[in-house]
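For reference, the structure is listed below as structure tokens.
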Number of protein chains: 2
Amino acid sequence: MKRITIKDLAKHLLLSTSTISRALGNDTNIHPDTKKKVLDAAKKLGYRPNPTALNLKYGQSKNIGFVVPEMITPFASKVLRGVQNILYPLGYRIIITESDENPLIERKNLLLLEEFNVDGIIINLCHETQNQDLYEQIMDRGTPLVFFDRIPAKSLAASKVMVNDNIKTSLMIEHLIDMGRTRIAHIMGPSTIRNSTERAMGYQRILTKHGIFDPDLVIKTEGTTFEDGRNAARQLLDKKLAFDGIFAFTDTLAIGAMNYLHEQHIKIPEKVAIASFSGTELATIVHPQLTSVEQPLLQMGEIAAGLILEKIKDSTAPSKTIVMDAEIIYRASTGE
Amino acid sequence: MKRITIKDLAKHLLLSTSTISRALGNDTNIHPDTKKKVLDAAKKLGYRPNPTALNLKYGQSKNIGFVVPEMITPFASKVLRGVQNILYPLGYRIIITESDENPLIERKNLLLLEEFNVDGIIINLCHETQNQDLYEQIMDRGTPLVFFDRIPAKSLAASKVMVNDNIKTSLMIEHLIDMGRTRIAHIMGPSTIRNSTERAMGYQRILTKHGIFDPDLVIKTEGTTFEDGRNAARQLLDKKLAFDGIFAFTDTLAIGAMNYLHEQHIKIPEKVAIASFSGTELATIVHPQLTSVEQPLLQMGEIAAGLILEKIKDSTAPSKTIVMDAEIIYRASTGE
DNA sequence: AACCCATCTGGGAACGTTACCAAAATTTTG
DNA sequence: CAAAATTTTGGTAACGTTCCCAGATGGGTT
């Protein structure tokens, strides 16, 4: 049951550990016959290298931390897939932590990951400013950070991947206007998240341009859960203001709102068109399907992984900010 | 930038590494003054123990593998949370792999995890029999396995956590009958998954008992995606058979079917009641909300983690099979 | 004053692997 | 055929930590 090591092979073949090591690796300084003998024995005895020993030797844990607000919706899962695509083939492990949208838990998680000796951390933060000090500390202590989707308020010496929230929102609002909507509400996310304010700005800019901006139609939420979306819809209806469209910060908020409208027998899209920011399956499993800005989540993950690798390889590598393109997908929730 | 080690502390304080080690641990053989001095210096210089060194020393990687068909729906995410709750405080890392419902990828993932030297693997398999040989091999080589939700055909010397599919399905079908439904269809999952056949058996048993079983109302799917559910609903409608209820193998299938019915303007639950097996948010974000058997996913994860710990601590510990209770939650999709 | 015991500290091996340097074995060269 | 060059192998330190054993120091007892 005990694991076979190089030493066991050495004893078994009456060779030195150095020779075994050479045979197992790509060293040319070894007689082909010896190499073959070693390889055969290794296979027969079921030798598997011990990664822990290598990690110790080379001072890398080959662990990458992945810090996200939650993994219940598919958002982070899809990014994670991209990260895995790149990192697993290179022998990295990925450790996932969820912050529950709570900066204190995020803090605890980051510290835990440092404890775990990760080589780098890929993070979607849950509060624009709250843990800024810790991000800096961690980087100062030598662990690179890469941000995706939500980025910190201060620029920090870290690489980042995101989409252009402001512009994509603008295009989406233009679409709603094209569809004949003139009273477009916004379910805005928490202002502690940069994307939230960015999208709100895009929203306001376009409506103002068309002279139809009404601040009373903006509902700010506490979080980004389905329940938050529901509450926002309720608040909106309670205001007794006319509206014929909703642009929501996330697909979760949009879906929550949609369900509340359903329950109030408000037809979508006939009475109210709904659109949001997404990139996940959620947009297509509701009825009607949700028009949304589809972020290329998988690619974002792949790029984030690439960025962290750059920093791991060379800690002085310059930080990059990658702004990805997102596609607007028109679905039934905003009419045909 | 370089990490502070025990040796650095020793040099700095002119003490031996042994003494430092004792001061840092709970060893009583140390002078309180020395201990304090070391602790102060450790804090000041930012010493953090290197877990890799300990893993090497004690022959444990402190990594646990988590193998699931997918992480896009919240099912596995919720179980994962439970696993994390138990394992993170104990210093374990969790490595996640997704099989995409493909036994070949699952195989690759398991091998990868072995390569990574995990101390144990928690798995929700994707094919009842296909990788049985590998499960056995891995356990033979000394890595314990714990199955959750979907368990292998042969019993194997592994612990398992699941719910009683057959009985819970029976109760659900009884509920549908209580609600006055007499033509209840079943969207059955792939027969390569044990739970699928178990639930189908529960379905058939109750309908047979009531004398209303019709094999033509059973649609077997290829997978468990939303799309599969959609296709199943289409097939059902194409048969031109009357039906007033659907019991689906999973919430994803149920939702896919629901959306297709919506598109065909078939009212839920008025014309067709829908129920499924779940335990995730998905059941509540659709409209109408889905009546379902709610599996205690979080607890299943916690228990799976506990079971793997037992096996890690003592490889001869007896294997347990834990059958958990699941609650049926009545929601709008089956009427009030 | 000699001894013993308790308390505290230091030295070194070990976990599995590789990299460097030195030594041995083999082949090539003059 | 000896010397030189090359190929192949062995020995050992190192990564960071703990643990066992051996010393050292100090206080108390005869």
Side-chain angles (χ1 to χ4, degrees), chain A residues 1-39 41-42 45-63 91 114-119 141-143 312, chain B residues 1-39 41-42 45-63 91 114-119 141-142:
Chain A
M1 196 62 35
K2 202 190 131 288
R3 211 189 159 95
I4 300 291
T5 72
I6 274 194
K7 287 185 188 170
D8 297 325
L9 289 177
K11 209 173 293 171
H12 184 252
L13 294 170
L14 303 173
L15 287 167
S16 73
T17 58
S18 326
T19 305
I20 307 290
S21 174
R22 269 186 291 258
L24 261 21
N26 297 337
D27 204 309
T28 50
N29 298 317
I30 183 145
H31 194 95
D33 294 353
T34 317
K35 178 155 185 162
K36 187 173 176 329
K37 236 189 319 186
V38 173
L39 256 30
L45 300 183
Y47 167 79
R48 283 171 303 138
N50 184 334
T52 310
L54 297 179
N55 294 345
L56 176 59
K57 190 165 181 61
Y58 297 116
Q60 291 197 355
S61 69
K62 285 273 187 176
N63 287 145
E114 249 196 321
E115 192 70 22
F116 278 173
N117 208 13
V118 294
D119 296 336
R141 285 194 284 250
T143 306
I312 291 172
Chain B
M1 196 63 33
K2 202 188 132 283
R3 208 188 162 95
I4 299 291
T5 72
I6 274 194
K7 287 186 189 171
D8 297 325
L9 288 178
K11 211 172 291 172
H12 184 251
L13 294 170
L14 302 174
L15 286 168
S16 73
T17 57
S18 324
T19 306
I20 307 291
S21 174
R22 269 187 293 258
L24 262 19
N26 297 336
D27 204 308
T28 51
N29 298 318
I30 183 142
H31 195 93
D33 294 354
T34 317
K35 177 156 186 162
K36 188 175 177 326
K37 237 188 321 186
V38 173
L39 256 30
L45 299 182
Y47 168 79
R48 283 172 303 136
N50 183 332
T52 310
L54 297 180
N55 294 345
L56 176 59
K57 191 165 178 61
Y58 296 117
Q60 290 197 355
S61 70
K62 286 271 185 178
N63 287 146
E114 249 197 322
E115 192 70 21
F116 278 174
N117 208 12
V118 295
D119 295 337
R141 287 194 284 250

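In what follows, chains are A, B, ... by sequence order, proteins preceding strands, each numbered from 1.
Contacts with DNA chain C (heavy atom under 4.0 Å) in residues 46-60 of chain A: A:Tyr47, A:Arg48, A:Pro49, A:Asn50, A:Ala53, A:Leu54, A:Lys57, A:Tyr58, listed by number. Near DNA chain C, defined here as any heavy-atom distance below 4.0 Å, there are no residues from residues 30-39 of chain A.
Judged by distance alone, the side chain of A:Arg3 and the main-chain N or O of B:Arg141 form no donor-acceptor pair under 3.5 Å.
Remark: B:Leu9 CG to B:Ser21 OG distance equals 11.0 Å, nearest 0.5 Å. Put simply, CG on B:Asn29 and NZ on B:Lys35 are 11.0 Å apart, with the number rounded to the nearest 0.5 Å. Atom OG1 of A:Thr17 is separated from atom CD1 of A:Ile6 by 7.0 Å, given to the nearest 0.5 angstrom.
D:dG11 atom C1' lies 14 Å from atom CG of A:Leu15, rounded to whole Å. As a whole-Å value, the separation of A:Leu14 CG from D:dG11 P is 12 Å. Distance CG (A:Leu13) to C1' (D:dT9): 14 Å, rounded to an integer number of Å. Computed from coordinates, the B:Asn29 CG to D:dT18 P distance equals 15 Å when rounded to whole Å. Note: CD1 (B:Ile6) to C1' (D:dC15) measures 13 Å, nearest angstrom. What separates CG of B:Asp27 from C1' of D:dT17 is a distance of 14 Å, to the nearest Å. Atom NZ in A:Lys11 sits roughly 14 Å away from atom P in D:dG11 (whole-Å rounding). What separates CD1 of B:Ile20 from C1' of C:dT9 is a distance of 11 Å, to the nearest Å.
Contact between B:Thr52 and B:Asn50 at its shortest, heavy atoms only, is N-OD1, 2.8 Å. Between A:Ser16 and A:Ala10 the shortest heavy-atom distance is C-CB, 4.0 Å. In plain terms, the two heavy atoms of A:Asp119 and A:Ile312 that are nearest each other are O-CG1, 3.6 Å. The minimum heavy-atom distance between B:Ala41 and B:His12, with the atom names listed, is CB-ND1, 4.4 Å.
Residues that satisfy the side-chain hydrogen bond (donor to acceptor under 3.5 Å, both in side chains) test with B:Lys37, not counting sequence neighbours, are absent from this structure. Scanning for side-chain contact (heavy atoms from CB on, under 4.5 Å) contacts around A:Thr5 gives A:Lys7, A:Asp8, with sequence neighbours left out.
Contact annotation: A:Ser21 side-chain N/O to C:dT18 OP1/OP2 distance is under 4.0 Å. In this structure, A:Thr19 reaches the D:dG10 phosphate: one of its side-chain N or O atoms is under 4.0 Å from OP1 or OP2.
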Passes side-chain contact (heavy atoms from CB on, under 4.5 Å), B:Arg22 versus B:Thr34? Steps please.
CA-CA 10 Å; B:Arg22 269 187 293 258; B:Thr34 317; over 6 Å; no
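Contact check for B:Tyr47 versus B:Leu24: side-chain heavy atoms found under the 4.5 Å cut-off. Annotation: side chain of B:Asn63 is not in contact with side chain of B:Asn117 (no heavy-atom distance under 4.5 Å).
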If you restrict it to nitrogen or oxygen atoms, what contacts under 3.5 Å exist between nucleotides 20-22 of chain C and the protein, and what is each distance?
none

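None of B:Leu56, B:Leu54, B:Asn55 except one satisfies the side-chain contact (heavy atoms from CB on, under 4.5 Å) rule with B:Tyr58; the exception is B:Leu54.
For the helix from C:dA1-D:dT30 to C:dG30-D:dC1, the terminal axes (five pairs an end, C1' atoms, rotation from four pairs onto the next four) enclose an angle of 70°, given to 10 degrees.
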